[in-house]
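Structure, as structure tokens:
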Amino acid sequence: MRREMFKKVLIANRGEIAIRITRACRELGISSVAIFSEADRESLHVILADEAYNVGPAPSRESYLNIPKIIEVAKKTKADAVHPGYGFLSENTHFARACAKEGIAFIGPTPENVEAMGDKLSAKALMRKAGVPTVPGSDGAVDTIETARTLAQKIGYPIIIKASAGGGGKGMRVVRQESDLVSAFRACQSEGQNYFADQTVYIEKFINDPKHIEIQVFGDIHGNVCQLFERECSVQRRHQKLIEEAPSPSVPPEVRMKMGEAAVRAAKQINYVGAGTIEFIFDNSTKEFYFMEMNTRLQVEHPITELTTGVDLVKEQIQVALGNPLSFKQSTLQQTGHAVEVRVCAEDPMTYQPSPGVIRACRHPQGPFVRVDSYAYPGYEVPIFYDPMIAKVITWGESREEAIHRMQRALAEFIISGIKSNIPLLKSVLRHPKFNDGTYTTQFLEKNFEVIEPEFFREIDDAVFLISAAITAFNDRKSKDVRQLNVASKWRQVGRKMMLRL
Ligand code: MV4
């Protein structure tokens, strides 16, 4: 059934992405239904939606992943579509099929699309068939140590063993020499079995120190597929991305075109519908790129694509789910200027440990070409149950340098107190020469920021603490932070620096 527009969309998510989707709905005249767990009664996504319903206790399993309950709310509220956001149920085919069964549109790819890319080994075979570059390797399951040994010798060490059902870094082992092969092979099989109930593994040549570069794709039900260029996401630690940018400083124009064309072939191969991301590893020394996996959902870092192409990806998802053709053609898409995104997390910047708690002062950056997608507000308690990311700051500039300087300016304005945040870490990464010259790879954070000296952050933290204390005291005169204002009297500004008055 084709509709002019949905009347009501249930947003099966929380946090900043739920708010992002509510905004798209409101601009399109669609009424939004929020769901929330018992830990999220006071969450901003609940306040901003038109209606909100409790779907269960704090643990995700019992609330944001509770398919029968969410379907029940969708039916009760007469929502004609569901947007799953990212994470949670976004790549759950049971959920997508349960929606379809009730006549509720799922704003996302088809279950067949998700399944085609869920198994890494069959996805890789499909990609080879589509002429998408893949890493040389076994091209199929490797069942025995003997086969693994023969193949590894042929490919040459180092190699990597991967669980076919794996993803996001789980179920992988790098093998640098034959003597480590047996234990790595067995470990990978049992990790596949334990995490994904599938012990199938395969082998690839190990690409040393790659960059993570991904292409945004979009398909519609009429068979059109376009690509919206690349994002570089190499600033990551343990497969958690920290900073993303578009375009990548390492991709030359002719390689960009080839990657984009390969991504379109990849999506066309599986008749992809909706927003998707083709993830490549990129060898910066040879400029070769290889298909890794496809993410069949909207991603956290989608705003940098929005700011460099001018396309509202969430509105486009809604149009595609209505059965409408893409609002753009490949020839009309252009990447303009440069965008950077940082993920602000409630965590200790020195230990990377989560730091839930009540936010006291909170002032978001503002000003030209700065976008903030955040669900933080003063008085809000960040729950321990979910992802620690509380905000994203995205800046745009005509050049990479301008976008980075703008981000440094924006983060200098970002005041958050009560909880620890990774803002000091973000600031120091943005100052790092390796980040600034654009040559950073996926090992950059772990190599340079694994152990962080406290002195590194002290000056910045003191300045932020001072301003935070002042704002908190102003906002809440009963707060004991008023006493912290006495600290302020010991400080004075010297040029751009906060100095202790001795
Ligand atoms: C690789 C690789 C090197 N060589 N495959 C990590 C997660 C999954 N998407 C694939 N991953 C990798 N596969 C070969 N043949 C290095 C990684 C990898 C990585 C890839 C993208 C972003 C960050 C990464 C961090 C460590 C390893």
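Order of listing sets the numbers, starting from 1, for every ligand and every atom in it.
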Going by distance only, is there an N or O of Glu293 that falls short of 3.5 Å from an N or O of ligand 1? yes

Polar side-chain atom of Asn422 near backbone of Cys345 as donor-acceptor pair, under 3.5 Å: yes

Cationic tip of Lys211 above Tyr440 ring, under 6.0 Å, 45° of axis: yes

Please determine if Glu204 has a nitrogen or oxygen closer than 3.5 Å to a nitrogen or oxygen of ligand 1. yes

For ligand 1, find out whether one of its N or O atoms is nearer than 3.5 Å to an N or O atom of Lys205. yes

Starting from atom 19 (C) of ligand 1, locate the nearest protein heavy atom and write down its residue, its atom name and how far away it is, to 0.1 Å. His239 CE1, 4.3 Å

Nearest protein heavy atom to atom 10 (C) of ligand 1, by residue and atom, and its distance? Met292 SD, 3.4 Å

Evaluate the ring planes of Phe414 and His364, with Trp represented by its six-membered ring, and classify them as parallel (under 30°), tilted (30 to 60°) or perpendicular (over 60°). perpendicular

Under 3.5 Å, side chain of Gln269 to main-chain N/O of Arg265, donor-acceptor pair present? no

re atom 1 (C) of ligand 1, the protein heavy-atom contact at minimum distance is Lys162 NZ, 3.5 Å

Please check this pair: side chain of His302 against backbone of Gln299, looking for a donor-acceptor N/O pair closer than 3.5 Å. yes

For atom 11 (N) of ligand 1, find the nearest protein heavy atom and state the residue, atom name and distance (0.1 Å precision). Met172 SD, 3.6 Å

Could you see which bit of Ile281 sits under 4.0 Å from ligand 1, with heavy atoms only: side chain, backbone, both or neither? side chain

Stepwise salt bridge (charged side-chain N to carboxylate O under 4.0 Å, His left out) test for Arg20 and Asp312: CA-CA 11 Å; Arg20 166 71 187 88; Asp312 184 321; 2.6 Å; yes

Just distances here: any N/O of Ile207 and N/O of ligand 1 closer than 3.5 Å? yes

Contact bool for atom 14 (C) of ligand 1 (protein heavy atom, d < 4.0 Å): yes

Taking 4.0 angstrom as the limit and counting only heavy atoms of Glu279, give me the atoms of ligand 1 inside it, by number and element. 9 (N)

Which class fits the ring pair Phe280 and Phe291: parallel under 30°, tilted 30 to 60°, perpendicular over 60°? perpendicular

What protein heavy atom is closest to atom 21 (C) of ligand 1, reported as residue, atom name and distance in Å? His212 ND1, 3.7 Å

Find the distance between CD (Glu316) and CD1 (Ile318) and round it off to the nearest 0.5 Å. 10.5 Å

